[in-house]
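Below is one structure, written out as structure tokens, with a few remarks after it.
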Number of protein chains: 2
Amino acid sequence: MAGEALGKDLGKGLGKPGQLDFPRPLTTVDVAIFTIRDDRLQVLLVRRPAGEGEPFPESLALPGGFVDVAKDRDLAACAARKLKEKTGVTSPYLEQLGSWGSATRDPRGWSATHAYFALIPEEAGELSADARWFPLSGGRLKEKLAFDHGEILSTAIQRLRNKVEYTSLPAYLMPAEFTLPDLQRVYEIVLDRPLEKSAFRTRILSADMIEPVARMRRGPNRPAQLYRLTKGREPVYFVRTFNPPE
Amino acid sequence: MAGEALGKDLGKGLGKPGQLDFPRPLTTVDVAIFTIRDDRLQVLLVRRPAGEGEPFPESLALPGGFVDVAKDRDLAACAARKLKEKTGVTSPYLEQLGSWGSATRDPRGWSATHAYFALIPEEAGELSADARWFPLSGGRLKEKLAFDHGEILSTAIQRLRNKVEYTSLPAYLMPAEFTLPDLQRVYEIVLDRPLEKSAFRTRILSADMIEPVARMRRGPNRPAQLYRLTKGREPVYFVRTFNPPE
DNA sequence: CTAAGTAAGTTGGACTGTACAACTAACTAT
DNA sequence: ATAGTTAGTTGTACAGTCCAACTTACTTAG
């Protein structure tokens, strides 16, 4: 297998013999970046390059790539760098999702990726040329992805949905100012089911995660109070989930 | 720094030039293995070897080590292998905890570890010679650990405590047969606070995660019903946490 | 100017599950 | 027999959701 062939010569030429003289897996970082656009949850994907020797040429994939031991202090910095490169966003909600490593996931050899997931508001930043938003319908992506990115993305969606049941994560998908019905709609989009208005309001308002601003949103009917995220607020964990379906 | 010096020559000597011709981080797997012993939560630690060039000689550390690209199919298999080597246990509760990677965590160079956490019953398996159980008091370990293992362990404890609030994880710490008060005691040990007896019983019994066996535990007072884990049961998630402290 | 329409936000009763505390049950030891 | 201990149950209070009806504040059509 490719992994072993490549591996054999890695790690030679060290000062001290023995200790570190064995093949090393490839190390990458991938990021599942979510936003809400057109009333749907969407994920950012890039098209893989077509060059000679490239695995999965022209396939869609999560943004990511090799850890650069010269540039990247640590894994989170590497993920933040990739996010910045693709979206221009610098301070998103960024959480580690897990890691996937095996002999077979990359044809170039034994490789391990550290996966992150990020939530950003729609209007944030400017997309890089090779990146595009893809909608998820029913918590699924139509397109097939390179490597095991399909599996990673599924896990990310599952984790997001799961946490939305009992945390304030959707707040990180909102623009700077938003109304409570806006926020409820985002919860409903991610969970793909309707929520109770009154229970939702009590819960969110008593969580001390958002604060009213002076303005109201005016429209063709009753104006709605605008809110913003409470500054520097960590995500809030509720002690109960929204009542689960069925 | 050592990492760069070492890194410079890694990845040379490949068949194809260019593409994979850059330094690779070290890749390791570490496992935080928990059990309940003497009415306390305990974690398994090993003493690092004392050889020349070994980092943190004779320090305590989580069991773990380099991924072996020849032996290990994937990361979970690598974690399971290390668990087996240290405890003899083959089918524990094993969950990925996260990954830690940076230029500085290992003096030998840029390295990334994939951390797992495992729950095993006390009587399971035979410990390897270099491994010992260490009690945690108040969710803390007294001893200092090698690398960033202190941080990893803290995260593992936090994750365990957090999940115990709303899942059936402690069931994996139990022996084959146990009583409901036994199980409650384990929940209380991990959470470090008392729980309501009646609410606890209703919750556990209605979760369909354990089933009564024919026997009772007899003692100096009223006998207690013995239960066992429902076969092949995934962990159960409750829709409410136990009511949080304060 | 009024009436109809719509979305924001509130209110109240039914229901579910925990908190707390008192209770009964089953055994041992003296 | 009686006291002691732990297993297990019961009942009332309370918190928060569920569900549905309600009020409020605005726009638009006639």
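Just so it is clear: chains get the letters A, B, ... in the order the sequence lines come, proteins before strands, and each one is counted from 1. Worth knowing before you read on, the calculation uses all heavy atoms, side chains too, and leaves out hydrogens, waters and symmetry mates.
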Problem set entry | side-chain contact (heavy atoms from CB on, under 4.5 Å) partners of B:Ala118, counting only residues at least two apart | B:Val31, B:Ile33, B:Leu83, B:Leu94
Exercise. Does a donor on one side chain and an acceptor on the other come within less than 3.5 Å for A:Ser99 and B:His114?
Worked result: yes
Within the sub-3.5 Å range, which N or O atoms of nucleotides 20-23 of chain C have a protein N or O partner, and how far apart are they?
unit_1, atom_1, unit_2, atom_2, d
C:dC20, N4, B:Ser198, OG, 3.1

For this session: Round to the nearest Å and state the distance from A:Gln184 atom CD to C:dA7 atom P.
Result: 13 Å
Exercise. Rounding to a whole Å, what distance do you find between A:Tyr227:OH and C:dA8:P?
Worked result: 12 Å
Problem set entry | side-chain N/O A:Arg203 vs D:dG16 OP1/OP2, d < 4.0 Å | no
Problem set entry | Atom pair CD (A:Glu143) and CG (A:Leu141), whose distance is rounded to the nearest 0.5 Å | 4.5 Å
Exercise. Any side-chain donor-acceptor pair under 3.5 Å between A:Ser59 and A:Arg47?
Worked result: no
Exercise. Any salt bridge between A:Arg81 and A:Asp72, counting N to O under 4.0 Å?
Worked result: yes
For this session: For A:Arg193 and D:dC18, give me the distance from atom CZ to atom C1', rounded to whole Å.
Result: 13 Å
For this session: Could you tell me whether the side chain of A:Lys86 reaches within less than 4.5 Å of the side chain of A:Val46, counting heavy atoms only?
Result: yes
Exercise. Between atom CZ in A:Phe238 and atom C1' in D:dT17, what is the gap in whole Å?
Worked result: 14 Å
For this session: Check whether the side chains of B:Tyr116 and B:Lys82 place a donor and an acceptor atom closer than 3.5 Å, and report yes or no.
Result: no
For this session: Quickly work out the A:Leu226 CG to C:dA7 P distance and round it to whole Å.
Result: 17 Å
Exercise. Do A:Tyr93 and A:Glu95 have side-chain atoms, one donor and one acceptor, less than 3.5 Å apart?
Worked result: yes
Problem set entry | Letter per nucleotide, 5' to 3', of nucleotides 25-30 of chain C [B base touched, S only sugar-phosphate touched, - untouched; heavy atoms, 4.0 Å] | BBBS--
Problem set entry | d(CG, B:Leu180; P, D:dT6) in whole Å | 17 Å
Exercise. Atom CD of A:Glu165 to atom P of D:dT17: distance rounded to whole Å?
Worked result: 13 Å
For this session: For the residue pair A:Thr155 and A:Trp100, establish whether any side-chain heavy-atom pair is separated by less than 4.5 Å.
Result: yes
Exercise. Atom CD1 of A:Ile204 to atom C1' of C:dA8: distance rounded to whole Å?
Worked result: 16 Å
